[in-house]
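Throughout, protein chains are lettered first and strands after them, A, B, ... in sequence-line order, and every chain is numbered starting at 1.
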Protein chains: 2
Amino acid sequence: MFTKTCGRYDVNIVDEDHSARTGRLRRGVPQQMTKPQLGRGAGRPSRRERVREATLAEIKGIARDLLVEHGAAGVSLRAIAREMGMTAPGLYRYVSGIDSLLVLITADMFQELGDAVAAADASVPPEDTDLRILTSLRAFRTWATEHRAEFATMFGPRARLAPETDITPAVEAGRRFGATFYTLFDRLLSEERFVLPDGERITPELARELRAFADTCGFSAPHIPVEAIMVLSTCWVRLYGVVCMEVFEHLNFVMRDMEPLFESELQNMLTGLGVHYRPPEGSTPAAMSTPG
Amino acid sequence: MFTKTCGRYDVNIVDEDHSARTGRLRRGVPQQMTKPQLGRGAGRPSRRERVREATLAEIKGIARDLLVEHGAAGVSLRAIAREMGMTAPGLYRYVSGIDSLLVLITADMFQELGDAVAAADASVPPEDTDLRILTSLRAFRTWATEHRAEFATMFGPRARLAPETDITPAVEAGRRFGATFYTLFDRLLSEERFVLPDGERITPELARELRAFADTCGFSAPHIPVEAIMVLSTCWVRLYGVVCMEVFEHLNFVMRDMEPLFESELQNMLTGLGVHYRPPEGSTPAAMSTPG
DNA sequence: AGCGTTTGCTAACGGTGTTCACTAAAACGT
DNA sequence: ACGTTTTAGTGAACACCGTTAGCAAACGCT
């Protein structure tokens, strides 16, 4: 296309696909060769693998730090390398590029978010389904507001990633995270807390999509009716909506504190699900003073 | 202040704050000096101002093209300049940096989205409130799905912008866009289509936030009760949720077509508002065959 | 000890935002 | 018509980015 002469001296005829037309193309797994043949099956993972794992963890850790401190734009291989006392090209022995690194830490963050929600869920009596749901959903929001940058890369548009990037690790992690809620919803379902919506209002297309949704998410215990899946989807959409709106700060020029709106949405939503709403413990004590 | 010696040869001892610690700092309005003193008040805007306006428009136009074609990461001053046949520093005569350019085109896109919705609204009989609302909301989704990159920069996290960037132009445009819906909602309200929710469930905090919301948005005809504002917020959150979920592709590994879910949400939402839902014209003809 | 794998570095290419010093031209004042 | 001021745009430079190729040292196993 462009007959460019990149060499500083003269010719470099065989430059055609020098990996840079847009500057970032043709990224696969470049090095990180065959496979460590000292894995020894189930034996403990051979010193080399261990230190390798450790540096990979360090890379992801620093990437994470940069993300929270300087935002998504601040995560760069060179900055990470600098922080680690090595050079950027060295990182390519561990990661196949910045995009795949972002996918990796996204997966980690999904794991972490899932753990946070699960921990919150486990912190209340297991038989109190209502409280478990309340606590879990609030934990989701809390984690999101306390980890805005992370949430944005997890749930926002994948703006920074090249379109052809393989995002399956993140997707997998997201799926596992979703399961945290499916279990609770399933419990709610088996307790028959709410009446399912009119199934005749569900068009065949919607039913097909909902089935696909349930199947792919491992939420397809065969007894689950499409109506239930629709309720779940609706709830998820609403939760996603409030939290995104808060974290992306699309109302914060007009609404200082988004918690009341969140709580209100929660109340609306849960009431429809036959779950008894309770205001949160510490905050908004004024809510208590409102006479019924 | 900076006695720096940017010379190519030797010293530059006093370089400490050479504007680049992270590489992009200390951005204000660098040039575009005093003001064109040929404005002549109300007279038509002086050739110079006209061509200036034209090139600014060209800049924004090309920025927009790049956004659509190569995603947010593809919008760069150098690429724009290349496309225009000039050099990047020249653009600083028109824009104070890449960030502010992004804000500018965001504002333009809000305007455009608003126009699209307004046009759809105007395409149906003005007295048919139900249809107007249906059409407007569907127009919102349609525009979003047909302009994913734009929608992402408008409604997603402001990941690419430096935190200190002045985003008021975009915010203003967003406000004006919101007004498109307020009018419709106001009409719905005055027709008393739905019963307002129980006001006693609105905590004082929430009421205060809702009031602030209405005030800042110019949606504060004094008669409007907080309950109504809450309903509006809830609806907006739900709409935002579905559309974001679709455009950001967070379910598309599991759900091919998100339209059924959107329509279902629409139906849910509007039913609660006392608006009669009608399935869309062309698509999903199977929905017609479902007996009520 | 020898040998292959793994690791990390240097150099280099091409891309980005941004500033500064400068020229050419347009517009203005007289 | 001429000189002055204001503006548009350029080129060089700096600091940053992702990525590749080639090389040398370290490591681990036999």
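The listed nucleotides are C:dG17, D:dG18, D:dA8; the one nearest the side chain of B:R93 is D:dA8. Nearest to the side-chain atoms of A:S76 among the listed nucleotides C:dT10, D:dG18, C:dT16 stands D:dG18. Listed nucleotides D:dG9, C:dT19, C:dT16 differ in distance to B:Y94; the shortest reach to its side chain belongs to D:dG9. Of the candidates C:dT18, D:dA21, C:dT16, C:dT18 carries the atom nearest the B:A88 side chain, counting heavy atoms from C-beta on.
Between A:W236 and A:F140, the ring center distance clears the sub-6.0 Å criterion. B:F110 and B:F155 have their aromatic ring centers within a separation under 6.0 angstrom.
No donor-acceptor contact under 3.5 Å links the side chain of B:R78 to the base of C:dG15. Donor-acceptor pairing under 3.5 Å, judged by distance alone, is absent between the side chain of A:R48 and the base of D:dG28.
When the P atom of C:dG15 is taken as reference, atom CD1 of B:I80 falls 16 Å away, rounded to whole Å. In this structure, CD of A:E49 is placed 16 Å from P of C:dT5, rounded to the nearest angstrom. Between the OH atom of B:Y92 and the P atom of C:dA21 there is a distance of 17 Å, given to the nearest Å. One atom, CG of B:L77, and another, C1' of C:dG17, lie 7 Å apart when rounded to the nearest Å.
Place A:V75 and B:T55 on DNA chain D by their nearest nucleotides, and B:T55 ends up nearer the 5' end.
Contacts of B:E58 classified as salt bridge (Lys or Arg N to Asp or Glu O under 4.0 Å), with partners at least two apart in sequence or in another chain: none.
The side chain of A:R47 places no N or O atom within less than 4.0 Å of a non-bridging phosphate oxygen (OP1 or OP2) of C:dT6.
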Report, one line per pair, each donor and acceptor closer than 3.5 Å where one atom sits in a side chain of residues 65-79 of chain B; sequence neighbours left out.
unit_1	atom_1	unit_2	atom_2	d
B:S76	OG	B:A79	N	3.0

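A:T87 comes within contact range of at least one nucleobase, with a heavy-atom separation under 4.0 Å.
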